[in-house]
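Atoms within each ligand, like the ligands themselves, are counted from 1 in listed order. By convention here, the first residue in the shown sequence is residue 1.
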Amino acid sequence: MFGSLKFLRRHTVHPSSLKQVEKPPIPKETCGSWCTPDATPAHNTLTQTNSNIETKTEFQEDAQNKESIVSQLQKVRLFSPSPPPEYKSDNDITEADTELKEFKQSKSEDNSPEPPPVLEDKLDAIIETPQSPVPVSPSRKQKCKGLAQLSSFCDPFMPIDPQGRRYISWLLLVTFCYSYNAWCVALRATFPYQTPENTPYWMVADYLCDIVYILDAAFVKPRLMFLNEGFWVDDPSETRKNYRRKSQYKFDMISLLPLDLLYIYFGTQKVILRLPRLLKLQTFWEFHQAMDRVLASPYVVRIGKTLFYIFYLIHLNACAYYAMSDYIGLGKNGWVYDNQGSAYIRCFYFATKTATSIGKNPKPENTIEYLFMTAAWLMGVFVFALLIGQIRDIIATATRARTEYRQTLDGSSRYLRRLNMPVPLQRRVASWFNYTWSRQRCFDEPRILNSLPFNMKRDVALEVHMTTLSKVQLFRDCSASLLRDLVLQLRPVCFLPGDVVVRRGDVGHQMYIISSGECCVMSQDEKEVLATLQEGSVFGEISLLGIEGLRRRTATVRSRGYASLFALSRNDLEAALKHHKQAAQVLRIRADQIIRENAARQAKQRLIRLEAKKSVSIHEDENTVKRRMSNTSSASNLTLEGRRQRSASAMSRRRLSAVSESGGQEGKTKKDEAATLAVTCDRARTPLPTIVLSGD
Ligand SMILES: Nc1ncnc2c1ncn2[C@@H]1O[C@@H]2COP(=O)(O)O[C@H]2[C@H]1O
């Protein structure tokens, strides 16, 4: 048998020759997995570009690719230049074992952490999302020198990004001032809440708001960058002109009319003179639009805005009711406010009742009261119905996805029940729906993405799956364009605990990337876990690579708990690899490593089994001899002595034959086993023909 091992030596890989740099070995579990986070060095996350201009030229990318290929090939050099060691005696078993150990060790050395690849540079160009701020021109930088201490927002020479946080915060302040004016002008003009004592406080609040209005119209709005045919314009004179062209500018200017000067003539009680301040309504809308864009759940903003309108209308109604009651005379008849309790609360209560048509309102007693009530009810019927309907729509839109999910879940449950499917299967289906919903929050991701233009779709997909994809070693080792090419082909799939993702022996149709959860690569008998793959790991690629004799799954892979994976079909992978030779190289090298590792493991297991068999057969031989000896106890001493000698020599012969495994009666089966082992070991050591081992 060991003769055949000797024969194999010509094809043996000598792991010791792989040693190039001394690196610490990595833990066992991580050896078998492709780019599990533990096995891979810390990496930079994908970063977003700040401009839509590709920062790398094709040439640079090519040069980088070549460098990376060379380093990969240096890393996994499969052939040894030095001659293989001789297998000289029966100690070959030990040597073979040692070689397996060495192979393992060298493999772990090979997989030892590399210095983190510079991902930032490579992946900077991946997402080509145009960002709002245009780089500041040098002339502007010059101007800004003296004002370096000021933040860019306060700097009167710096343009302002209309989508930036600072501007949105500013809009919040202006909106607050606007709301103050909107509520307080009507309140103070009708209710007796402005007294000579508190007038200075009201005035301070008023003029603080006016200062915000002035700053907004004079320093903020004229610096707002704007999009002109897809380009952000940040030139100060252009941004100023752009603001002046807008209707907003006119309204802003009218809202700042200093009618307050007429206080001198009419007195400070004439708060109605501040009415023009309410014309700054566009900023109020602008703020809500900005929040709509920025917030994770824009529905809250939309509902908030609608509620603001509803309450404001009721507030105006309350003010009008008080003003009318005051005009007619407080408590003069049954309809007017009777001047009891808190004036504002009572009037607001009355206004709410009329606006929402609850009924049981005091009966109007004169024409003006009738007119008021008619107007209030009409407003309730039309305006409020419209606003409340809007809230219903907003909530329906917000929960549409959940409603659809429930409908799909109910439909599938009904279908399975109708077909009398086993209860565990029904539970599994429900569990899958629950998990998929909790992970993705939508079932029609492709439909949403398909409505976007191609590049945008790709950028969205990159952003969505950034966390996982940045952990995939394949994408780090290869050119950034591989990720761009593949990202849209990735199909999210979910697996329940214990689900078989791929089964050994099946034809492979897709490979997988783990997005979350863990998957276990099982041994042939499914009793041992060969490797635990974690987020960012890739598996199922071997059967897709077209390696001769390996078109079927080499191992069963099961999900450990819930697992979210990205599936990539054979066709998509093949199409991508056609244009990304380096990626094909990397995948094949990795596949080769796994195949060798598995083959080496199997060879070792067989050796152990063979050893065990041998020791059992020797033991049996000894027992047989003992039995025979006891049967012939009646024979003469001479004959006994002679037989003993013969039996001893026979036993030693048998021992010898068992140890050498050559010839003998049962030698045939052992020979077969040895031949199979030889072939396995041969496979374990012989590099695959598909792998290109030298290249530039
Ligand atoms: N020892 C191993 N360590 C890690 N992954 C493995 C191991 N053996 C098999 N695999 C993966 O399990 C996958 C099973 O399907 P494939 O043969 O297509 O590709 C296989 C590899 O990606």
What do we get for E541 next to ligand 1 when only non-hydrogen atoms under 4.0 Å count, side chain, backbone, both or neither? both
Would you say the side-chain atoms of S564 and Y435 include a donor-acceptor pair closer than 3.5 Å? yes
Near S543 (heavy-atom distance under 4.0 Å), the atoms of ligand 1 are 16 (P), 17 (O), 18 (O)
One finds that the ligand 1 atoms under 4.0 Å from a non-hydrogen atom of A531 are 3 (N), 4 (C)
Quick look: I542 vs ligand 1, heavy-atom contacts under 4.0 Å, and the answer is both
As an exercise, identify every atom of ligand 1 less than 4.0 angstrom from a heavy atom of F539. 22 (O)
Please classify the V557 to ligand 1 contact at 4.0 Å (heavy-atom distances, strictly less than): side chain, backbone, both or neither. side chain
Atom indices of ligand 1, in the order listed, that fall short of 4.0 Å to a heavy atom of I594: 2 (C), 5 (N), 6 (C), 7 (C), 8 (N), 9 (C), 10 (N)
Using every non-hydrogen atom in the two residues, find where R428 and L496 come nearest and quote the distance to one decimal. O-CD1, 3.3 Å
Within the 4.0 Å heavy-atom cut-off, what T554 brings close to ligand 1 is both
In terms of side-chain geometry, is the basic nitrogen of E526 or R558 positioned less than 4.0 Å from the acidic oxygen of its partner? yes
What atoms in ligand 1 come closer than 4.0 Å to a heavy atom of A555? 9 (C), 14 (C)
E597 heavy atoms, cut-off 4.0 Å: which ligand 1 atoms fall inside? 1 (N)
When you check the side-chain N and O atoms of N434 and Y405, is any donor under 3.5 Å from an acceptor? yes
Salt bridge or not for R596 and D592, using N-O below 4.0 Å? yes
Under a 4.0 Å threshold between the charged nitrogen and the carboxylate oxygen, would E574 count as salt-bridged to K578? no
Shortest non-hydrogen separation from A555 to M522 and the atoms involved: CB-O, 3.9 Å
Region of N598 that comes within reach of ligand 1 [heavy atoms, distance under 4.0 Å]: side chain
Do we see a donor-acceptor contact under 3.5 Å between the side chains of D485 and H579? no
Residue-ligand contact G540/ligand 1, heavy atom below 4.0 Å: yes
Is any N or O atom of R553, backbone or side chain, closer than 3.5 Å to an N or O atom of ligand 1? yes
A583 and L577 have their tightest heavy-atom pair at CB-CD2, 3.8 Å
